[in-house]
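Here's the structure we're looking at; comments come further down.
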Amino acid sequence: MAIAESKGPGDLLTWDDIEKMKFSWSVARESLRLMPPAVGAFREATTEFTYSCFTIPKGWKTFWTVHSTHKNPDCFPEPERFDPARFKGSGPVPYTFVPFGGGPKMCPGKEYARLELLIMMHNVVRRFKLEETIPNEKIVYHATPTPVHGLPLRLHPHRE
Ligand code: HEM
């Protein structure tokens with residue numbers, strides 16, 4: 001809200017504003033942890049290796065999943081609880097929070113996605129209070145998580 005209050009009508013966000021949106025980014029990351037848009041990705045074993053007593057031969061296709069760590073209580077205590085404070089300070093251990101993947105094939109659009117999310121959150125939250133019209137709407141997976149009724153929301157404009 002501090003950034004919203006510093007803006008006059010028609011003022012656009014600056015890069016400095018975006019960099020200051022630490023809490024909003026923690027909220028966005030906690031949402032990406034609990035409901036990642038991409039559930040994982042494929043890899044091809046370039047060499048034979050053994051993991052957790054399983055030997056994966058060279059050339060095999062594997063699929064890594066985001067939830068293996070996002071919902072693992074060793075990585076995120078009480079994993080079902082929405083808690084943006086998990087991202088305070090240095091945040092989760094590297095390679096546990098992986099909605100954008102990790103390593104050399106990590107999503108190249110991550111920073112662009114961050115920018116879009118923060119700008120969208122700023123503009124929506126600043127203007128409206130959001131109300132769910134179908135509480136606890138079910139989510140189904142058509143490759144990506146999709147609310148069954150399309151997540152209809154009621155927008156209540158804030159008084160100026
Ligand atoms: C919230 C938004 C997004 C999420 C959660 C997401 C997630 C991912 C994930 C999990 C991967 C696979 C990474 C891996 O294999 O390790 C990926 C790859 C990729 N993403 Fe995204 N992404 C997002 C937005 C974007 C945007 C905005 C762009 C482009 C502007 C983009 C472009 C790509 C491309 C080109 C790849 C393939 C990279 C490669 O195989 O080398 N993504 N993304």
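None of these values were measured; they are calculated from a predicted model. Each residue takes its place number in the sequence, starting with 1. In each ligand, atom 1 is the first atom listed, and ligand 1 is the first ligand listed.
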With backbone taken as N, CA, C and O and side chain as the heavy atoms from C-beta onward, which portion of Phe100 lies under 4.0 Å from ligand 1: side chain, backbone, both, or neither?
both

For ligand 1, the portion of Ala38 having any non-hydrogen atom under 4.0 Å away:
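Within the 4.0 Å criterion, Ala38 contacts ligand 1 through side-chain atoms alone.
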
Look at [X] together with [Y] and state whether they make a salt bridge at an N to O cut-off of under 4.0 Å.
X	Y	value
Arg114	Glu19	yes
Lys71	Glu80	yes
Lys58	Glu48	no

Give me the residue, atom name and distance of the protein heavy atom closest to [atom].
atom	result
atom 10 (C) of ligand 1	Pro99 O, 3.2 Å
atom 8 (C) of ligand 1	Cys107 CB, 3.6 Å
atom 27 (C) of ligand 1	Tyr112 CD2, 3.7 Å

Any side-chain heavy-atom pair from Glu131 and Leu153 closer than 4.5 angstrom?
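Answer no - side chains too far apart.
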
Classify the ring geometry between Phe76 and Phe87 as parallel (under 30°), tilted (30 to 60°) or perpendicular (over 60°).
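Because their plane-to-plane angle lies in the 30° to 60° range, the rings of Phe76 and Phe87 count as tilted.
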
Does the residue Arg43 have a heavy-atom contact with ligand 1, meaning some pair of atoms that are separated by less than 4.0 Å?
yes

Strictly under 4.0 Å, does any heavy atom of Phe42 approach an atom of ligand 1?
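Distance cut 4.0 Å: Phe42 fails for ligand 1.
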
Just distances here: any N/O of Lys105 and N/O of ligand 1 closer than 3.5 Å?
yes

What's the shortest heavy-atom distance between Trp64 and Gly101, and which atoms?
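Minimum heavy-atom separation between Trp64 and Gly101: CH2-CA, 3.5 Å.
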
If you compare Ala113, Gly102, Gly109, Pro108 by their heavy atoms, the one closest to atom 37 (C) of ligand 1 turns out to be Pro108

For Asp17 and Thr14, test the side chains for any donor-to-acceptor distance below 3.5 angstrom and give the result as yes or no.
yes

